[in-house]
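What follows is a set of notes on a single structure, which appears directly below.
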Amino acid sequence: MFSQGFNLKDIIVLVFFVFCFVHLTVGQSDDAFAEFDTDDAVIISDDDSDIEVEPQVDKRSQSRDASHGHEYDPGIADDLEHTQDDEDEDFEGVSASDFQGNTGSGGSGSGGSNPGSKETGKKPELNIVNAPLNIRGRWDDYYLEIIGLIGVLVYALNFYTGRSINNRLANAWFEHHKALLSDNFVIVGDDGVSKEVSEGNLVKESENKFVLWCTGRAGCNGMKIEIKLLRRQDLISVISQLIKPQSDTITITVYLSPDDMDSVILAVVPKKGLKRLQQDIQDLSHFAIERKADKFGLPSQIGVLAEFGEVANDFLSNAVCKTIAENLDTFDSFHFSDYYTGYKLSQDNQTEAERPKPQKNMIFNYVVPGSGKRTKSSIMHTTEPLLRMTLHLMTKVNKFKLSKDNKAKAEKHRIQVEEEYLKQTHAQRQEAAQARRDEKKRLEKEKMQELDPEAQRRYEEREYKKNMRRSGPRVKQLKVKTG
């Protein structure tokens, strides 16, 4: 995927080695805690009366003594146990009730016995559970956090690598074509923000889209070059690129004034997408029809749409067709229109005020070779022949004049399109007007409910007289002055 720096294969290998390291570390951690799995020995004889339990040593006390610099001595532990046994023997036969006095009103003194007390002659049985001490955490307790951290690192590495690659590709294209653009435009690379005119600015709109503005040429208002690169900074887009490869594109839009272009509708597009474009783009669907591309010497995978054959014959000269055929791997399409309104929109969601105003534009779409996998800075100059063809066609559009018969037909076609659009939006305008009237009536009813009965009666009479005047015949009154 990447032509420079890390590629996706290196990132996958890195993730694999990190996962193996985590897995081995978890295995070693399990072996380290194996010593706590063995229980202390417990010996039980056949005779139920004789039970021998191996004394257990408090490991925590051992570690505590060791931390204070004292060594553990088994003899000292035995002395402590014997001392504890002697203390237990001194209190045998004495219950807790012997230390409690009788506080009742009918009590007989301290020597009396509590009738509610119970004799406890046996020692309480203690259940001792030998559980290993969890001294330190285990790696496998944090595997979700480790996987998440690895994902964040991989995404960040891909983001900075992809962003730097896109910056280098865009700057390489600009450096290769800067001299040609400077020869045809007075200002190349205006940022459009500063009050003073600036040059040489490649505006970065996003991490994968760069815009270059050119102006100062006779016959056009300006030219915008959009360098649309792949989303190399997005890891999900990188993975989808492996499944469905795409290419970097160059889009050039030339904005013309009304006097710089006659009634021209022409499109040269790939034949596999010709029908779809003719249905989606408004001016092509209304005016253009398909022409035979073999007549102009174009490759079989290229289709032609034009309003008049005169337009196609004039613009598709031998030099233009030869340039397209020689650069078929970088050529995508171009579209000239004096009535460009973009793609079709749903009539239910579009109003007459939202309808875009027809413009005179020239749109060129080119492709950077390599399909995104082998795209390098050294091949960004391959679109230079197509850029020269663009400048040639700009000059030709300014000089082209349609014949009188075709000019009349073109104007008639555009009037019919306007009328058709008005018919389509008429019902929508009627619905909007009816909705406004209904809303007005609803507000009047709410206002009338707040009035007293006498005011409501006067309001109804006034509305009735108003409606009668509207429905009655209109009579024009003339005042005659006598004398």
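Computed from a predicted model, the values in this text were never measured in an experiment. For reference, positions follow the sequence shown, starting with 1.
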Calculate, to the nearest 0.5 Å, the distance between atoms CG and CG belonging to Leu386 and Asn365 respectively.
11.5 Å
If we only count heavy atoms from C-beta on, is the Lys272 to Gln301 side-chain gap below 4.5 Å?
no
Under the salt bridge (charged side-chain N to carboxylate O under 4.0 Å, His left out) criterion, do Arg442 and Glu439 qualify, and how do the steps go?
CA-CA 5 Å; Arg442 185 184 65 81; Glu439 181 66 17; 2.4 Å; yes
Heavy-atom closest pair, residues Leu274 and Gly303
CD1-CA, 3.6 Å
Side chains of Leu180 and Leu391 in contact at under 4.5 Å (non-hydrogen atoms)
yes
Distance-only side-chain donor-acceptor flag, Arg232 / Asn208, under 3.5 Å:
no
Walk me through it: do Glu290 and Lys275 pass the test salt bridge (charged side-chain N to carboxylate O under 4.0 Å, His left out)?
CA-CA 9 Å; Glu290 186 175 358; Lys275 296 295 183 182; 3.4 Å; yes
With rounding to the nearest 0.5 angstrom, report the CH2 to CD distance, Trp173 to Glu384.
10.0 Å
Note: Asn406 and Phe308 closest approach over all heavy atoms is O-CZ, 3.4 Å
In a check of salt bridge (charged side-chain N to carboxylate O under 4.0 Å, His left out) between Asp262 and each of Lys407, Lys360, Lys401, which one passes?
Lys407
His413 vs Glu411 side-chain heavy atoms within contact, under 4.5 Å:
no
Would you indicate whether the side-chain heavy atoms of Ile324 and Phe334 approach each other to under 4.5 Å?
yes
Checking side-chain polar atoms at under 3.5 Å, does Glu175 have a donor or acceptor matched by the opposite partner on Asn171?
no
Testing the basics here: between Gly216 and Val186, what is the closest heavy-atom pair and its distance to 0.1 Å?
O-CG2, 3.0 Å
What I'd like to find out is whether the side chain of Ile265 reaches to under 4.5 Å of the side chain of His286, using heavy atoms alone.
no
CG of Leu402 to CD of Glu310: how many Å apart, nearest 0.5 Å?
4.5 Å
Taking the side chain as every heavy atom from C-beta outward, state whether Val367 and Asp248 have any atom pair closer than 4.5 Å.
no
Stepwise side chain to side chain contact (heavy atoms under 4.5 Å, CB included) check, Asp283 with Thr341:
CA-CA 7 Å; Asp283 60 324; Thr341 55; 5.5 Å; no
Looking only at side-chain N and O atoms, does Arg231 offer a donor or acceptor that is under 3.5 Å from a partner on Ser240?
no
When rounded to the nearest 0.5 Å, the distance separating CG of Asn398 from SG of Cys220 is 7.5 Å
Do Asn167 and Ser164 get their side chains close enough for a donor-acceptor pair, meaning under 3.5 Å?
no
Check step by step if side chain to side chain contact (heavy atoms under 4.5 Å, CB included) holds for Ile225 and Thr251.
CA-CA 6 Å; Ile225 302 176; Thr251 302; over 6 Å; no
Met261 and Asn361: which non-hydrogen atoms are nearest, and at how many Å?
CE-O, 4.3 Å
Side-chain heavy atoms of Thr330 within contact of Val368, under 4.5 Å
no
If you count heavy atoms of other groups shown closer than 6.0 angstrom to NZ of Lys409, is the number above 12?
no
Please lay out, stage by stage, how Val188 and Phe185 fare under the test side chain to side chain contact (heavy atoms under 4.5 Å, CB included).
CA-CA 6 Å; Val188 176; Phe185 292 92; 4.0 Å; yes
Check whether any side-chain N or O of Gln278 sits under 3.5 Å from a backbone N or O of Ala288 as a donor-acceptor pair, and report yes or no.
yes
Look at the side chain of Asn166 and the backbone N and O of Leu230, then say whether any donor-acceptor pair between them is shorter than 3.5 Å.
yes
Would you say Ile363 and Phe336 make side-chain contact, with heavy atoms under 4.5 Å?
no
Under a plain distance cut-off of 3.5 Å, with no hydrogens placed, do Gln279 and Arg276 share a side-chain donor-acceptor pair?
no
Taking atom types as modelled and ignoring hydrogens, do the side chains of Asn158 and Thr161 form a donor-acceptor contact shorter than 3.5 angstrom?
no
Any idea which heavy atoms bring Ala306 and Leu266 closest together, and the distance?
CB-CD1, 3.8 Å
How long is the span from the CD1 atom in Ile227 to the CG atom in Leu169, to the nearest 0.5 Å?
9.5 Å
Please check if atom CG in Leu443 has more than 12 non-hydrogen atoms from other residues, nucleotides or ligands closer than 6.0 Å.
yes
Which residue is it: Met394, Lys399, His392? I am looking for the one with a side chain to side chain contact (heavy atoms under 4.5 Å, CB included) to Lys396.
His392
So which heavy atom on Leu181 is nearest to which on Met223, and how close?
CD2-CE, 3.9 Å
Check: Phe331 ring centroid to Phe364 ring centroid under 6.0 Å
no
Evaluate the criterion side chain to side chain contact (heavy atoms under 4.5 Å, CB included) for residue pair Glu226 and Ile250; output intermediate values, then yes/no.
CA-CA 6 Å; Glu226 295 177 278; Ile250 309 294; over 6 Å; no
Would you give the length of the straight line joining atom CG of Asp190 to atom SG of Cys214, rounded to the nearest 0.5 angstrom?
9.5 Å
Could you tell me whether Asn318 atom CG has more than 12 heavy atoms of other residues or ligands within 6.0 Å of it?
no
Would you please indicate if the ring centroids of His335 and Tyr340 are separated by under 6.0 Å?
yes
Is it true that the side chains of His176 and Thr383 contain a donor and an acceptor less than 3.5 Å apart?
no
Residue from Glu307, Glu419, Glu420 passing salt bridge (charged side-chain N to carboxylate O under 4.0 Å, His left out) with Arg414:
Glu307
Over 60° means perpendicular and under 30° means parallel, so classify the ring planes of Phe315 and Phe400, tilted if in between.
tilted
Hey, are Thr390 and Tyr366 close enough side-chain-wise for a donor-acceptor pair under 3.5 Å?
yes
